[in-house]
**Student:** 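So that we are looking at the same thing, I have put the structure below in structure tokens.
Owing to the predicted nature of the structure, the values given are computational and were not obtained by experimental measurement. In what follows, every chain begins at residue 1, and chains take the letters A, B, ... in the order their sequences are listed.
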Number of protein chains: 2
Amino acid sequence: MGRTPHGQTRHKIFKFVRQRLRAGRPPTVREVQQAFGFSAVETARSHLDALVEQGLLEKESGKARGYRLPPGGRERPLFLIPLLGRVQAGALTTAVEEIEGFLPVDVRGAEEDLFALRVRGESMVGVGILPGDIVIVRRQPTAASGDVVVALVDDEATVKTLHVRGGAVELVPASPHFKKIVVEPDALTLLGKVIEVRRVLEPTA
Amino acid sequence: MGRTPHGQTRHKIFKFVRQRLRAGRPPTVREVQQAFGFSAVETARSHLDALVEQGLLEKESGKARGYRLPPGGRERPLFLIPLLGRVQAGALTTAVEEIEGFLPVDVRGAEEDLFALRVRGESMVGVGILPGDIVIVRRQPTAASGDVVVALVDDEATVKTLHVRGGAVELVPASPHFKKIVVEPDALTLLGKVIEVRRVLEPTA
DNA sequence: AAATATACCAGACATTTGTCTGTTTTGCAA
DNA sequence: TTGCAAAACAGACAAATGTCTGGTATATTT
């Protein structure tokens, strides 16, 4: 077969392998061979080897599908957590609620402890949490004073700042149009702590 | 060795394999064997087979590292976009700027067109964009009136709302303590449009 | 308690996969 | 034009990997 100018095929191979790696489907050397129509496995292998020499790929020698992208923030574990449409009273289980979709979130703690909700009111605009924002919540039964939390009030999930005052617990809004809610600690149903807020200004295509 | 109750090990194996698959590192049967301390490869293989029967995994028979997650929304393409620490005047290229890290973002348009910046001032608190927030920006040389944009002003990146008035362009703050900036359209260096805002209330562990 | 189903073990073997050696051909620089 | 480097070919072999058969032990159900 004809020869390509120096480096051209290699660059194409890099893009092919990168795409496969990002898709979570590491290729074998023979799959690279076939993808590019080479007669010899060794052609593919030597290109891959050169990419390793160039530092564009790393490899686990002798292991099947052993090439990978170098660590550099381009390959990292992620959680996909559910965006819940509606939270019912009672124990939170993702099997029960209505799942609108999933959000990619950096790994932290246990995936099953994370969920997301849409903010529905204006009670927290004072701290930059607007209606329509998405809050990412970690399930926990308690939280610290000052934490932004999601709690159940009248069977409705609400986002507020938690204040612990003496024997009582307050769910404090960040807007003058809303009143704080005082709850007995053992009557409080705390769904979790807000760990991230996201606002999408332009929907995904 | 002792036996676990029915389904318990299998569930753990599913979680292990899923985590590996999401990390783009499909395991071999022997890697599953080792991870769980089985003496026999067949133990791992039969659990994996059962997971396939249950529809929790799929597999390419006879292929190394052939197990994969079923298509179904739990596996989705994502972009990892750079969080830039500082933007210099001149053409934006990620090779030049200081990259602080990467953010996972749902696929939209071309990955190279997306970047993230930290908000540094309080000029946009009126619309819920606080200092320390991260804005995700799509590079574009123009934007519509009303869009939240990132522009270069005095060689400094700034987040403002774009207003187009007659022959002039205004960068409008959302706080009474800041003045709007009027720019000639051809003197405006628009870096892009803000498409998402994120606030991390609790850092990743 | 007995029967059944499931978890786990052991070993062997076929196939896939990586890798090496040796060679030819073509692009590029001197 | 010549020499060198890189692209590509060919073949063989070792090791990794998947898979199958046969078996024991424990959890669960009847």
Side-chain angles (χ1 to χ4, degrees), chain A residues 1-70, chain B residues 1-70:
Chain A
M1 77 176 301
R3 299 294 166 86
T4 55
H6 294 182
Q8 202 181 95
T9 301
R10 184 162 306 151
H11 182 63
K12 282 178 180 165
I13 289 178
F14 175 62
K15 290 175 70 175
F16 170 77
V17 173
R18 183 177 64 178
Q19 185 266 321
R20 284 286 298 262
L21 289 168
R22 285 187 177 161
R25 310 272 301 293
T28 63
V29 179
R30 281 171 174 81
E31 278 169 7
V32 174
Q33 175 201 2
Q34 280 151 30
F36 286 83
F38 301 138
S39 296
V41 186
E42 171 62 15
T43 308
R45 199 211 59 80
S46 71
H47 278 293
L48 291 164
D49 211 46
L51 289 168
V52 171
E53 299 260 334
Q54 286 175 43
L56 294 175
L57 293 180
E58 293 189 344
K59 89 163 163 169
E60 270 186 286
S61 267
K63 297 279 187 161
R65 304 180 193 270
Y67 293 93
R68 67 178 70 159
L69 292 167
Chain B
M1 80 175 300
R3 302 291 166 86
T4 56
H6 292 181
Q8 203 181 95
T9 301
R10 184 162 305 150
H11 182 63
K12 283 179 181 166
I13 288 177
F14 175 62
K15 288 174 69 176
F16 170 77
V17 173
R18 185 178 62 178
Q19 187 265 320
R20 284 286 297 263
L21 289 169
R22 285 187 177 159
R25 311 270 303 291
T28 63
V29 180
R30 283 171 174 82
E31 279 169 5
V32 174
Q33 176 201 0
Q34 281 152 27
F36 286 82
F38 301 138
S39 296
V41 185
E42 174 60 18
T43 309
R45 197 211 62 78
S46 70
H47 277 295
L48 291 164
D49 211 49
L51 289 168
V52 170
E53 300 260 334
Q54 286 175 43
L56 294 175
L57 291 179
E58 293 186 344
K59 89 162 163 170
E60 270 185 286
S61 267
K63 297 280 186 165
R65 305 180 194 266
Y67 293 94
R68 67 179 69 161
L69 291 167

**Student:** Give a yes or no answer on whether the side chain of B:Arg65 reaches the backbone of A:Ala64 with a donor-acceptor pair at less than 3.5 Å.
**Tutor:**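 Yes; judged by distance alone, with no hydrogens or angles, the pair exists.
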**Student:** What is the distance, rounded to the nearest whole Å, between atom CZ of B:Arg25 and atom C1' of D:dT17?
**Tutor:**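 Result: 17 Å.
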**Student:** Give a yes/no answer on whether the side chain of A:Ser46 brings an N or O atom under 4.0 Å of OP1 or OP2 in D:dC9.
**Tutor:**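 Checking D:dC9 against A:Ser46, no side-chain N or O comes under 4.0 Å of OP1 or OP2.
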**Student:** How many whole angstroms separate atom CD of A:Gln33 from atom P of D:dG11?
**Tutor:**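 A:Gln33 atom CD is separated from D:dG11 atom P by 13 Å.
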**Student:** Short question: side chain of A:Glu53, backbone of A:Ala50 - any donor-acceptor pair under 3.5 Å?
**Tutor:**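 Judged by distance alone, no pair lies under 3.5 Å.
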**Student:** Choosing from C:dC20, D:dT24, D:dG18, which nucleotide comes nearest the side chain of A:Arg45?
**Tutor:**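 Looking only at heavy atoms from C-beta outward on A:Arg45, the closest nucleotide is C:dC20.
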**Student:** Find which nucleotide of DNA chain C each of B:Lys63 and B:Gln8 is nearest to by heavy atoms, and output the residue with the more 5' nucleotide.
**Tutor:**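 Checking each residue's closest nucleotide, the 5'-ward one belongs to B:Gln8.
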**Student:** Given C:dC8, is OP1 or OP2 found less than 4.0 Å from the side-chain N or O atoms of B:Thr43?
**Tutor:**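 False: B:Thr43 side-chain N/O out of range (4.0 Å or more) of C:dC8 OP1/OP2.
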**Student:** Find the distance B:Asp49:CG to C:dC8:C1' and express it as a whole number of Å.
**Tutor:**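 Rounding to the nearest Å, CG of B:Asp49 and C1' of C:dC8 are 15 Å apart.
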**Student:** Would you indicate, yes or no, if D:dG18 has its OP1 or OP2 atom less than 4.0 angstrom from a side-chain nitrogen or oxygen of B:Ser61?
**Tutor:**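 For D:dG18, neither OP1 nor OP2 has a side-chain N or O of B:Ser61 closer than 4.0 Å.
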**Student:** What nucleotide, of C:dC9, D:dT19, C:dA7, holds the atom closest to the side chain of B:Arg10?
**Tutor:**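 In terms of side-chain proximity for B:Arg10, the closest of C:dC9, D:dT19, C:dA7 is C:dA7.
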**Student:** Tell me whether the rings of A:Phe36 and A:Phe16 are parallel (<30°), tilted (30 to 60°) or perpendicular (>60°).
**Tutor:**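 Geometry flag for A:Phe16 against A:Phe36: perpendicular rings.
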**Student:** Verify, without hydrogens or angle tests, whether A:Gln33 (side chain) and A:Phe38 (backbone) share a donor-acceptor contact under 3.5 angstrom.
**Tutor:**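 A pair under 3.5 Å: yes.
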**Student:** Using the rule given for side-chain contact (heavy atoms from CB on, under 4.5 Å), can you reason through B:Arg3 versus B:Thr9, listing the C-alpha separation, both sets of side-chain angles and the distance that settles it, and then say yes or no?
**Tutor:** CA-CA 9 Å; B:Arg3 302 291 166 86; B:Thr9 301; over 6 Å; no
**Student:** Just how far, in rounded Å, is P of C:dT17 from CD of A:Glu31?
**Tutor:**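 So the two atoms are 6 Å apart, to the nearest Å.
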**Student:** A:Tyr67 side chain: which of C:dT19, D:dT19, C:dA7 is closest?
**Tutor:**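 It is C:dT19.
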**Student:** What is the distance, rounded to the nearest whole Å, between atom CG of A:Leu48 and atom P of C:dT17?
**Tutor:**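 It works out to 14 Å between those atoms.
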**Student:** Please tell me which of the listed nucleotides, D:dT19, C:dT19, D:dT17, lies nearest to the side chain of A:Val29?
**Tutor:**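 Nucleotide nearest to A:Val29's side chain: C:dT19.
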**Student:** Whole angstrom is fine here: how far is it from CD1 in B:Ile13 over to C1' in C:dT6?
**Tutor:**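 Computing the B:Ile13:CD1 to C:dT6:C1' distance gives 13 Å.
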**Student:** On DNA chain C, compare the nucleotides closest to B:Gly7 and A:Arg65; which residue's is nearer the 5' end?
**Tutor:**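 Checking each residue's closest nucleotide, the 5'-ward one belongs to B:Gly7.
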**Student:** Rounded to the nearest Å, what distance is computed from the CD atom of residue A:Glu53 to the P atom of nucleotide D:dA7?
**Tutor:**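 In whole Å, D:dA7 P lies 12 Å from A:Glu53 CD.
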**Student:** Given C:dT17, D:dC9, D:dG18, which nucleotide is nearest the side-chain atoms of A:Arg30?
**Tutor:**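 The answer is C:dT17, which lies nearest to the side chain.
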**Student:** Tell me which of B:Lys59 and B:His6 sits closer to the 5' end of DNA chain D, going by the nucleotide each one is nearest to.
**Tutor:**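 By nearest-heavy-atom nucleotide position, the 5'-most residue is B:Lys59.
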**Student:** Please work out whether the ring planes of B:His11 and B:Phe14 are parallel, tilted or perpendicular, with thresholds of 30° and 60°.
**Tutor:**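 Answer is tilted, since the angle falls between 30° and 60°.
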**Student:** Using only side-chain N and O atoms of A:Thr28, determine if any of them is under 4.0 Å from OP1 or OP2 of C:dT16.
**Tutor:**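 Checking C:dT16 against A:Thr28, no side-chain N or O comes under 4.0 Å of OP1 or OP2.
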**Student:** State which of D:dT17, D:dA10, D:dT19 makes the closest approach to the side chain of A:Glu42.
**Tutor:**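 Of D:dT17, D:dA10, D:dT19, D:dA10 is nearest to the side chain of A:Glu42.
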**Student:** So, does the side chain of B:Arg3 form a donor-acceptor pair with the base of D:dA25 at under 3.5 Å?
**Tutor:**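 Checked by distance alone, the answer is yes.
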**Student:** D:dG11 P sits how many Å from A:Phe38 CZ, rounded?
**Tutor:**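 So the CZ-P distance, A:Phe38 to D:dG11, works out to 18 Å.
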